[in-house]
Structure formats: structure tokens, C-alpha cells
Amino acid sequence: MKKMFITRVFNPAFAGLTLLLGGVLALQSAPATPDARLKWWQEARFGMFIHWGPVSIKGTEIGWSRGAQVPVEEYDKLYLQFNPVQFDANAWVRTAREAGMKYLVITSRHHDGFSLWNTRHSSYNIMNTPFKRDVLAELSKACREQGVKFCIYYSLCDWWHPDYPLGSPGGRSKKPSPNMERYVEYMKNQLAEIMVRYGPLGIVWFDGEWESPWTAERGEDMYRYLRAMQPSLIINNRVGKARKGMEGSSNRGLFAGDYDTPEQRIGRYQDTRPWESCITICQQWAWKPDDKLKSLPQCIQTLARCAGGDGNLLLNVGPMPDGRIEPRQVERLKEIGQWLKRNGEAIYGTRGGPYLPSTNIVSTRHGKYIYVHVFDWQGVEPVKLPPLPRKVKKASLLDGGLVEWSQNNSGITLQVPFVFRDKINTVIKLSLDGSAMDLATIPLAQAADVKKEQTKPKK
Ligand code: H79
């Protein structure tokens, strides 16, 4: 597994303190009760991100390649050739559903300013391509019909729009006569149009908030504006200015929307405020020919790591210029769905913990159950877990398979016969004599520590 997937740093001092205080503070340190409005989304755990637009013709990155790999004049004319005749909204949504994804977030408008729907507020939109079909209309309908929550990505920066002050990343080029107030009105009009026509939406997923024209005040105003229109709406932290880099967490005290958004990395364990990692199934957000595809173990372990850290995974695909999602990506998504059919109980509707994610093992919990996810048995066999202030009544595999287990004062030992193991992630279900939900987090030794322990000279 690539290093970028492992972001949690083990801090022994903190771990010791957690152990010490664990018993005393068990109730206070239990996962925070989610806001009722966010419940469906937190329980869903897994969604599909879609980055798409005329740029897929070039196979370069959406937004960022404008004025870089593709000259601005050429980039802004690509829509005149955009004709994804094989686009089938039902097929996309079926792919998401079969992957076990419960919601779908599409780039209604990325930093390049192109609108994927029939907007009356800009002519730079899908109806003025040879395709002339409203992608958001078709997708939102397919989502409604198939029971997948329809959500949109919407960029707060627009390097194309004459009213937005900056013309390229970081403002290397500027617009001659910008008008930020008018631009904000434009965004509000576009968003209202989407919400009225294609709503109710699950999420509005903002981005591009780090650029200087956007302010915390504008963010709070936008948040209130959208929630007033649709009270049940969920809005990510990028509506405001509180995000800390690509880690995606929010600075305490600053206005931060509803949830945190680590990008291209797995969020660290955080059960006090919801989060969702957005990660590409290949390398690029938009489609790129022969882009390197993540392996099935990488995908499944990434999802389990997110759930184990009490977060969601928004896995991105970039459909091709002909309108199809690449067959090999569809195949990978199907494989994820097959794993989830057998193991979904350990992902959907769970919270992270109580064991903190480690190199090889993460845990999720629901009611009186803890799900121990073991990725790789090498060096951790049999699995030894620290003491738990609950009695284990039973340990089993999700299909009822055999688990050899024991519990005593020094902890829990788990062993699964080789033939019953899942090469990617073996899930062991512990049935407890009481709730797993009010347990404080418990650190696990990292594989590196285990190795050190094993190689220590025996006295
Ligand atoms: O839409 C996809 C990307 O095009 C977009 N977000 C995902 C979902 C994206 N945003 N940023 N990046 C990609 C990489 C850019 C990072 C930086 Fe910054 C922008 C470095 C400096 C400014 C934001 C602010 C991250 C660190 C500080």
C-alpha cells in the first residue's frame, strides 16, 4: 500500500494518556451523536465523486490544466466539440449503486467555469455543446429513481468568469474588470436554479474557497442562503475559510460548514466532527488515458480505514469524453460492491473505533458489536488486542466462519484459520455484553512497534 494512504501518526504520550483516562472519561470520549440532518450521510459511509467536463477530451486535469498543459484559448473552446453521446445517467447510477455507494457528487461547475446543466445564467454550458443534453437533469432523475442521493460539487472560484477577480490558480493572472458582488449573485442564482430544478440535494460540496476573493463572511452568508432554501441540506467545510490545507480539518472556532474534507488522503481518527476523504480511483480527478488504477485491496482498505477513523469515503471517477465510465474502473467498482455485499455490516451505519486505526488493523462499531478489520496477518498473528472494558460473548466471521478467540486481563486474542481469511480485509465481529458505542478509544500497537517487539533480544 502506498504511503500516502497512511496518515495517522502514533503518539505514545497521547496513547498513554488516553488509556489512563479511558475508563474515567469513557462517556465523555464516546463518539459524538451526529446531527439528525447528517445521519443518512454518516451512515452511508461511501459515495461516488464524479469530475467531468469538456476537458476530458484532452485527458488533462479539470480546471488546473487551463493555461498550463492546455492554452486558455484552446481550453475555453473545448466545449464546442464536447459530444459524449454514450452518456447514460442510469448506467452511471447503477455503477455507483452496484459499488455500494449511497450518494453521488458531480462537478456541476469546476474552477474552469463550465456548467454541466441548462443554466440560464451563463451561455458557457452543456446546452451550447453539440451534445445539448442537461447532464444534471438526467443524473438527478436517475438518482431519484434508483435511490442514490444526488449531490453537487460547485467551485467558489471561477478562473473563466469575467466577474471573478482571478484568472488562474493563485491569481497569477487577473481579470480586467472584476465584480465580486455580482459574481456572488451569479453563484447564488445558479445554485438556486439547481436546487429548485434538481433538488432536494443531499450535499453541496464547495471547493476553491482558499482563493483570496472568498471570505468567511461570504461563506456564512452562502451557507445560510442555501439552508434557508433547503433546511435538510448538508454543506462541506469548504464553504468557509476554516480548512487547514489538504488535511481538510477545520480550525476550531472558525465557521466550517457541516463536515471536514481531507483530500487525497485518509483522515485521522475524529469522532467529534464528521469528515469525508475524497480520493481518486486513479491519479487524476478528470479522465486521463491509461491513468494508474488503484488496486482492489487499496480501494477496500481505504474505505475501511475511513470508516475505522469515523469518516466517509468519496471515491472519484472521471468519465471519458464519450460519456462512459472506463470499463476497468466500472469493473473495480463492481468488485468493491461484491466485497461490501459480504461485509457491508462492518461499514454501513457504523462508527469508527473503539480501537484506533493502526497499520494493519482498524475497527468499527455498531450497538453491541465491534468489527475488527485485519488487512494483513503477517506480523500480527494471532491478533492481540488490548483489554476492553466489556466481556466478549462471541467472536465470529460475518459469514459465520470460525474464529478462535480468548479474553483475559491482558486483552483479547483472535485467530482465524488460514482458509477462512479474506486476502484483502478479514472482518471479525465481536459480540459484547454491553454497548460498544460508549467506549473510549483504545490505541493499538503499530506494525513497526510489533516488529520491534519481536526482534528485541530475549533476556
Ligand atoms: O476538484 C478536485 C481538485 O481539482 C481540487 N479539489 C478536488 C476535489 C483541488 N483543490 N486543490 N487542489 C486540488 C490542489 C491544490 C492545493 C493548493 Fe492549497 C491550493 C495548494 C495551495 C493552494 C488549499 C489551500 C490547499 C492548500 C492550501
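Counting starts at 1 for both ligands and their atoms, following the listed order. These values consider heavy atoms only, across backbone and side chains, with no hydrogens, waters or symmetry-generated copies. These numbers come from a predicted model, not from an experiment.
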For atom 4 (O) of ligand 1, the option (of Trp205, Trp64, Tyr153) bearing the nearest heavy atom: Trp64
Heavy-atom neighbours of Tyr369 OH exceed 12 at 6.0 Å: no
Non-hydrogen side-chain atoms of Asn118 and Arg197 separated by less than 4.5 Å: yes
Sub-4.0 Å atoms of ligand 1 with respect to non-hydrogen atoms of Arg243: 23 (C)
Nearest protein heavy atom with distance in Å, relative to atom 5 (C) of ligand 1: Asp207 OD2, 3.2 Å
Geometric N/O contact His51 with ligand 1, under 3.5 angstrom: yes
Parallel, tilted or perpendicular: ring planes of His110 versus Tyr153, cut at 30 and 60 degrees: parallel
Contact list for residues 270-297, test ring pair (Phe, Tyr, Trp, His ring centres under 6.0 Å), sequence neighbours left out: Phe49-Trp285, His51-Trp285
Exercise check, heavy-atom protein proximity under 4.0 Å to atom 20 (C) of ligand 1: no
Identity and separation of the nearest protein heavy atom to atom 13 (C) of ligand 1: Glu263 OE2, 3.1 Å
Parallel, tilted or perpendicular: rings of Trp117 and Tyr154 (30°, 60°): tilted
No-hydrogen, no-angle side-chain donor-acceptor test under 3.5 Å, Trp159 and Glu211: yes
Whether Glu61 lies under 4.0 Å from ligand 1, heavy atom: no
Lys241 atom NZ, neighbour heavy-atom count above 12 within 6.0 Å: yes
Protein heavy atom at shortest distance from atom 27 (C) of ligand 1: Gly245 CA, 4.4 Å
Option with minimal heavy-atom separation from atom 14 (C) of ligand 1, where the choices are Met246, His111, Glu209: Met246
Nearest-neighbour protein heavy atom for atom 10 (N) of ligand 1, which is reported as residue plus atom name and distance: Trp210 CH2, 3.2 Å
